[in-house]
Amino acid sequence: MRIGIAFDIDGVLIRGKRVLPQAIRAIRRVQDARVPFVLLTNGGGTTEAAKAKELSRVLDSDIRASQMVLAHTPMAPLAANYSNVNSNAVLILGSPFLCIFTCTRPSSSKRNESKSGKSECKDAALAYGFKYPVLAEEILVTCPEIWPFRAPSKSCQPISLDRKIGAILSFHDSQDWGRDAQIICDLMRTGGDLRRVVEPHHRDRTRHLHQHHTPPEQLPLYFSAGDFVWSNNLPLTRFAQGAFRYALETVYSRLTHGKPLEYTMYGKPHKVTYDYAQSAIDAHAVSLSLSHEVPIMPCKYFGIGDNPESDIAGANNNGWTSILVKTGVYESGPHEAKYLVADVEEAVDVILSQPHD
Ligand code: G3P
Ligand code: MG
């Protein structure tokens, strides 16, 4: 049987601003053994190509964009509904100017920061084919009264609000929970028509909105990851995208007198992401010339991760073999993983010691 591996990133290959030395050795060993692999992360906020380039640099390896499964990568097919000149816009949530990207080796350029308001979240959306991706900060620049508690970024340009927002996609951790929660609730209450929020002549027509009503059909809302916490260099875990979602659910329900927020989840531990990751591993196998018959040749997929709720639950629920490491979120206690190891290099030992083609 052939084998394939999905490496988690935060807490497995990288911790805070530090690339784990075991990670460099582990990746080198699977490359030398010609084992197909992907990097499967609930992080994102950039293009697969940019993340592959940066990880290739910090891990001193050649990692291709097609091996990157970011939290939002499996959302790409959604773009088909928002890809032509007459399509609605989509709101892309995620840190527009500071996508957290952890490495210690100096980078040649200051990635993720832009004086022109260019956003890597937006680059990713455009690369997937979304015709009109809009950022929350662009909405704030267009109408600062929407969230009047801080000055909008000078790097963003105002946008036209004529085009309706047809969907909200959270690509990465919110940079500003208050701004994002407010804008999402505004979009939900106006069916994606921001003119009804910002233009004074809409005041009478929107009066009923102040009575906490929402349209019967809720605007589609997609989250790329549900992790409640993630782990960096600090001793206590940091809030992740799932924590923002809990906060949003609470304020939305309070605002609508108990209406539940409806949304669709992507990322680990969800099946859509594991299906995508399997295809990416299979494609890597083909590119390594290991197989030309991917669909019929059975494969044992291994998922290495530090977060029991996403990495281990996801691997177990999707028929993969789970390996939990102790270099990230998990420290001790009961767990559901098939293997518990110290770090990613030990995980690779376990995998390569198994019989495989
Ligand atoms: O937001 C959580 C994210 O940083 C976790 O990333 O690589 O551990 O799936 P990862
Ligand atoms: Mg992790």
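These figures come from a predicted structure and were not determined experimentally. The figures that follow rest on heavy atoms only: side chains count, while hydrogens, waters and symmetry mates do not. Numbers for residues simply follow the sequence, beginning at 1. Order of listing sets the numbers, starting from 1, for every ligand and every atom in it.
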* Parallel, tilted or perpendicular: rings of W177 and F244 (30°, 60°) -> perpendicular

* Pull out every atom of ligand 1 sitting under 4.0 Å from any heavy atom of I9, numbered as shown with elements. => 7 (O)

* **Close-contact set for ligand 1 against T41 heavy atoms, below 4.0 Å** => 6 (O), 7 (O), 9 (O), 10 (P)

* Asked: Pick one: which of Y263, F171, Y246 meets ring pair (Phe, Tyr, Trp, His ring centres under 6.0 Å) with F223?
  -> Y263

* Are the side chain of K51 and the backbone of T46 linked by a donor-acceptor contact shorter than 3.5 Å? -> no

* Asked: If you measure only the distance, is there a donor-acceptor pair under 3.5 Å linking the side chains of E120 and T47?
  -> no

* Any chance you could lay out the salt bridge (Lys or Arg N to Asp or Glu O under 4.0 Å) test for R245 and E262, step after step, and finish with the verdict? => CA-CA 11 Å; R245 195 192 74 225; E262 292 163 20; over 6 Å; no

* **ligand 1 N/O within reach of N42 N/O, cut-off under 3.5 Å** => yes

* Q354 side chain to I351 backbone, donor-acceptor under 3.5 Å -> no

* Asked: Going by the order shown, which atoms of ligand 1 are within less than 4.0 Å of some heavy atom of D227?
  -> 2 (C), 5 (C)

* **Contact (N/O only, under 3.5 Å) between D311 and ligand 1** => no

* Asked: Going by atom types only, do Q182 and D186 share a side-chain donor-acceptor pair under 3.5 Å?
  -> yes

* Run the contact test for D8 against ligand 1 with a 4.0 Å cut-off on heavy atoms, strictly below, and give the result. => yes

* Contact partition for D173 relative to ligand 1, non-hydrogen atoms under 4.0 Å -> side chain

* Structure fact -> dist M68:CE -> E54:CD (nearest 0.5 Å) comes out at 11.0 Å

* To do: Mind listing the protein N/O/S atoms less than 2.8 Å away from the Mg ion (ligand 2)? Waters don't count.
  => D8 OD2, D10 O, D306 OD1

* **Side chain H335, main chain A337, donor-acceptor under 3.5 Å** => yes

* Asked: Can you list the atoms of ligand 1 that are under 4.0 Å from a heavy atom of A240?
  -> 1 (O), 2 (C)

* Against heavy atoms of K268, which atoms of ligand 1 measure under 4.0 Å? -> 9 (O)

* To which protein heavy atom is atom 6 (O) of ligand 1 closest, and what is the distance rounded to 0.1 Å? -> D10 OD2, 3.1 Å

* **For G43, the ligand 1 atoms whose distance to one of its heavy atoms is below 4.0 Å** => 3 (C), 6 (O)

* Give a yes or no on whether the backbone of L59 and the side-chain of S61 come within a donor-acceptor separation of less than 3.5 Å. => yes

* Stepwise side-chain contact (heavy atoms from CB on, under 4.5 Å) test for V350 and V341 -> CA-CA 9 Å; V350 168; V341 296; 4.0 Å; yes

